[in-house]
Amino acid sequence: MYSASEIIFSTLKECLVSLYGNLDEKLIQIQPTRKEFEGNFTLVVFPLLKLSKQSPEETARQIGEKLIEQKSIVEKYNVIKGFLNITLTSDFWRQQLLKISETPRFGFAQPESSGKHIMIEFSSPNTNKPLHLGHIRNNLLGFGISRILAAAGHKVTKVNLVNDRGIHICKSMLAWEKFGNGETPETSGIKGDKLVGNYYVRFDLEYKKQVKELIKYGMSEEEAKEKAPILEEAREMLRRWENKDPHIMQLWETMNRWVYEGFDTTYQRLGIEFDKIYYESQTYLLGREIVMEGLSKGILEKDPDGSVWIDLTADNLDRKLLLRKDGTSVYMTQDLGTAVQRFTEFNIDEHIYVVGNEQNYHFQALKLILKRLGYSWADNIYHLSYGMVELPSGKMKSREGTVVDADDLLDQMEETAYTMSQESGKLEGLDSKTMDEIYRTIALGALKYFILRVDPKKNMLFNPEESIDFNGNTGPFIQYAHARIQSILRKVQTLDAEPRLSGYVFNEKEIRLIQLIESFPLMLNDAATQHSPAIIANYLYELAKEFNQYYHEYQILKESDTECRNSRLLLIKTIAQTIKNAAWLLGIEVPDRM
RNA sequence: GGUUCCGUAGCUCAGCUGGAUAGAGCAACAGCCUUCUAAGCUGUGGGUCGCAGGUUCGAAUCCUGCCGGAAUCACCA
């Protein structure tokens with residue numbers, strides 16, 4: 001079907017051509033009419049004045065008259081300054097509504113119809129600490145974008161590259177060996193990822209103590225930080241890991257397993273899943289061959305000490321290390337390797353990395369290096385760079401324990417949902433299992449909306465003192481609108497007249513709602529091209545708010561005129577459907593009652 | 001110092017591919033539940049869109065410069 005904006009565009013174009021002859025399409029500027037004026041669409045006439053050679057008002061009137069004369073879908077128009085406000089007929093909007101209501105997944109493209117295969121990497125946790133609010137933002141963004149891109153018709157592969165090796169893991173392992181007394185998730189009753197995280201904090205505590213001690217004995221701070229015995233021990237452990245020392249390998253596997261079990265619980269709770277999970281312990285050697293090849297081609301350079309570099313100063317970046325003097329690889333080397341592997345072996349067209357903005361420099365360099373090495377697809381790498389979640393006290397730091405834990409936050413929110421629900425008594429009569437499910441849905445919806453409604457690239461603030469709100473511009477607000485509609489629909493068994501034939505004339509508010517529903521595909525498209533779930537979140541809010549106002553102002557079930565009643569029922573049913581679809585893109589479920 | 005991003009109401013955020021009188025929510029205050037779910041609705045107060053120039057019929061939006069904040073510029077990942 002053609003959208004109203006497409007129709008109004010071609011309609012206007014036809015009229016303008018007949019008035020002024022052929023013209024540049026860019027001159028036709030159409031926007032939805034602002035709330036305070038009458039009309040559905042507005043044509044800005046200023047750009048057309050050169051053609052009409054008349055005043056803005058006269059030009060607008062001329063075009064308006066032409067529209068009325070030639071087009072039956074145009075009901076009326078009005079002119080304010082240089083703006084031509086056009087009102088389309090109620091019947092036109094009814095037809096649009098009918099078509100939408102008959103398309104359950106309205107706005108969604110056919111699966112994989114674009115022919116484009118996009119890989120998206122997100123989450124990518126370290127296995128030495130539990131997930132906190134910052135990770136939640138990463139996960140929700142990645143998952144949201146995946147759904148949005150899939151809905152836009154792309155083939156999407158979601159991957160998670162687990163950072164399961166390195167010095168930071170050894171720190172947890174070492175602290176556990178030293179201070180753990182054999183503690184396990186089973187013996188302690190602590191969730192695996194938290195248990196391991198505790199030892200990461202424990203390590204840092206000990207490390208700081210030792211540094212302080214060394215400084216007291218006259219060492220410089222810099223040297224002390226470098227030479228603390230426990231850090232040396234951790235380094236030694238990493239060396240033994242790299243040499244596959246059986247004892248270390250076993251410890252590593254055990255503690256990682258604890259973490260994975262913990263992660264799985266949290267992922268499941270958040271409703272997040274992946275198509276493929278990579279482990280860095282299996283990919284960290286990738287990229288060396290690519291570097292060697294670049295070296296032989298003279299694109300890279302070798303220093304006297306044997307380390308390999310690329311000089312990016314011509315592009316305003318620095319010199320970047322690709323292989324250490326001992327020949328081992330660094331972070332960048334591995335990323336080069338995995339990128340080449342994914343583009344060539346999986347034949348993907350685009351690769352999105354959901355990674356915090358602290359790594360902007362890294363990804364800028366990554367793209368540039370790949371380009372220098374001759375990979376033309378380097379331009380199809382997109383770094384979805386998102387801002388930090390900050391606390392009033394500043395950044396979250398796992399090491400220092402100043403984080404908002406993902407599980408704790410969810411628990412707290414479920415508690416809020418429970419309390420609010422008990423107070424309202426709306427769920428009375430349901431069994432406790434169903435009720436629990438609803439609390440979970442509301443808590444999750446609140447959290448997801450809270451995170452996703454903010455433009456990804458902006459830093460956002462979370463104040464743990466003020467718990468996440470369930471009123472106003474929130475997830476539950478949107479869920480509530482849906483539940484209200486379902487509540488009405490539950491009470492009506494059949495539509496006792498065919499809405500298709502109805503002579504009911506929609507009022508302004510109703511047409512605004514239809515127009516909003518109708519613009520959903522545009523929003524989806526915007527969200528996909530801009531990689532921004534926030535666009536969908538804000539759209540949802542607008543739709544829910546508009547509905548709530550409508551709900552308050554007009555009767556539906558009690559409307560005696562059946563044509564009116566059925567038209568309204570069709571409208572709200574379609575609103576519910578749209579809310580559900582849009583919320584799904586964000587991973588937010590909408591309950592039928594709450 | 002270089003690079004990137006951000007700066008809109010007391011707070012949290014929309015709006016930014018140039019269009020009409022800059023919007024929401026929270027907080028404050030005043031109303032609305034014998035009427036389809038009050039997690040809602042209505043109203044009041046609250047703004048130098050960081051500052052200064054420029055581009056033009058028109059700038060919160062684009063350009064330049066400054067100011068303020070964040071991140072980054074590791075033989076860490």
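Hydrogens, waters and symmetry mates are skipped; everything else that's a heavy atom, side chains included, is used.
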Colleague: For A:Arg319 and A:Asp303, what are the C-alpha separation, side-chain angles and deciding distance, and is it a salt bridge (charged side-chain N to carboxylate O under 4.0 Å, His left out)?
Modeller: CA-CA 12 Å; A:Arg319 242 163 70 98; A:Asp303 272 12; 2.9 Å; yes
Colleague: Using a 3.5 Å distance criterion without hydrogens, assess whether the side chain of A:Asp164 forms a donor-acceptor pair with backbone atoms of A:Tyr279.
Modeller: no
Colleague: Sugar-phosphate atoms are those with a prime plus P, OP1 and OP2; base atoms are the rest. Using that split, label each nucleotide of nucleotides 55-72 of chain B B, S or - for protein heavy atoms under 4.0 Å, 5' to 3'.
Modeller: --B------------SSS
Colleague: Please name the nucleotide paired to B:G68 by Watson-Crick or G-U wobble geometry with both distances under 3.5 Å, or report none.
Modeller: B:C6
Colleague: Is the phosphate of B:U12 approached by A:Asn463 (side-chain N or O, under 4.0 Å from OP1 or OP2)?
Modeller: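 No, no such contact exists.
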Colleague: Between A:Lys81 and A:Thr416, name the one whose nearest nucleotide on RNA chain B is closer to the 5' end.
Modeller: A:Lys81
Colleague: Return the 5'-most residue of the pair A:Leu317, A:Leu461 with respect to RNA chain B, ranking by each residue's nearest nucleotide.
Modeller: A:Leu317
Colleague: Write down the partner of B:A28 under the Watson-Crick or G-U wobble criteria, each distance required to be under 3.5 Å.
Modeller: B:U44
Colleague: Does A:Lys491 put a side-chain nitrogen or oxygen below 4.0 Å from OP1 or OP2 of B:U37?
Modeller: yes
Colleague: Establish, with yes or no, whether the OP1 or OP2 oxygen of B:A14 is under 4.0 angstrom from a side-chain nitrogen or oxygen of A:Lys458.
Modeller: yes
Colleague: Which word best sums up how the rings of A:Phe450 and A:Phe462 line up, parallel for under 30°, tilted for 30 to 60°, or perpendicular for over 60°?
Modeller: perpendicular
Colleague: Kindly say if A:Arg34 contacts the phosphate of B:A22, meaning a side-chain N or O under 4.0 Å from OP1 or OP2.
Modeller: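 Answer no for this pair, as no side-chain N or O of A:Arg34 is under 4.0 Å from OP1 or OP2.
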Colleague: In terms of relative ring orientation, are A:Tyr207 and A:Phe203 parallel, tilted or perpendicular, with 30° and 60° separating the classes?
Modeller: parallel
Colleague: Applying a 3.5 Å limit to both distances, which nucleotide forms a Watson-Crick or G-U wobble pair with B:U35?
Modeller: none
Colleague: Taking pairing as Watson-Crick or G-U wobble with both contacts under 3.5 Å, can you name the mate of B:C75, or confirm there isn't one?
Modeller: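 Paired with no nucleotide.
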Colleague: State the syn/anti category of B:C33 according to its glycosidic angle, syn meaning within 90° of 0.
Modeller: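 Syn for B:C33; the angle stays within 90° of 0.
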Colleague: Give one of base, sugar-phosphate or nothing for A:Val44, where a contact means two heavy atoms less than 4.0 Å apart.
Modeller: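 Base: the residue A:Val44, judged by heavy atoms under 4.0 Å, touches a nucleobase.
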Colleague: Taking only N and O in the side chain of A:Lys457, is any of them less than 4.0 Å away from OP1 or OP2 of B:C13?
Modeller: no
Colleague: Could you list all the salt bridge (charged side-chain N to carboxylate O under 4.0 Å, His left out) pairs where at least one residue sits in residues 355-364 of chain A, not counting sequence neighbours?
Modeller: A:Glu358-A:Lys395
Colleague: With a 4.0 Å cutoff (strictly under), does any side-chain N or O of A:Arg484 reach OP1 or OP2 of B:A38?
Modeller: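 Affirmative; the distance criterion is met.
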Colleague: By centroid distance (under 5.5 Å) and plane angle (under 30°), are A:Phe477 and B:G40 in a stacked arrangement?
Modeller: no
Colleague: Would a distance-only check, ignoring hydrogens and angles, find a side-chain to backbone donor-acceptor pair under 3.5 Å from A:Asn357 to A:Asn360?
Modeller: no
Colleague: May A:Tyr480 be described as stacking on the base of B:G40, applying a 5.5 Å centroid limit and a 30° limit on plane angle?
Modeller: no
Colleague: Taking a pair as Watson-Crick or G-U wobble with both distances under 3.5 Å, which nucleotide is matched to B:C57?
Modeller: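 Check on B:C57: paired to B:G19, both distances under 3.5 Å.
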Colleague: In residues 545-560 of chain A, which residues come under 4.0 Å of RNA chain B by heavy atom?
Modeller: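 A:Lys545, A:Asn548, A:Gln549, A:Tyr551, A:His552, A:Tyr554, A:Gln555, A:Ile556, A:Leu557, A:Lys558 - these, ordered by number, are the residues of the stretch whose heavy atoms sit under 4.0 Å from the strand.
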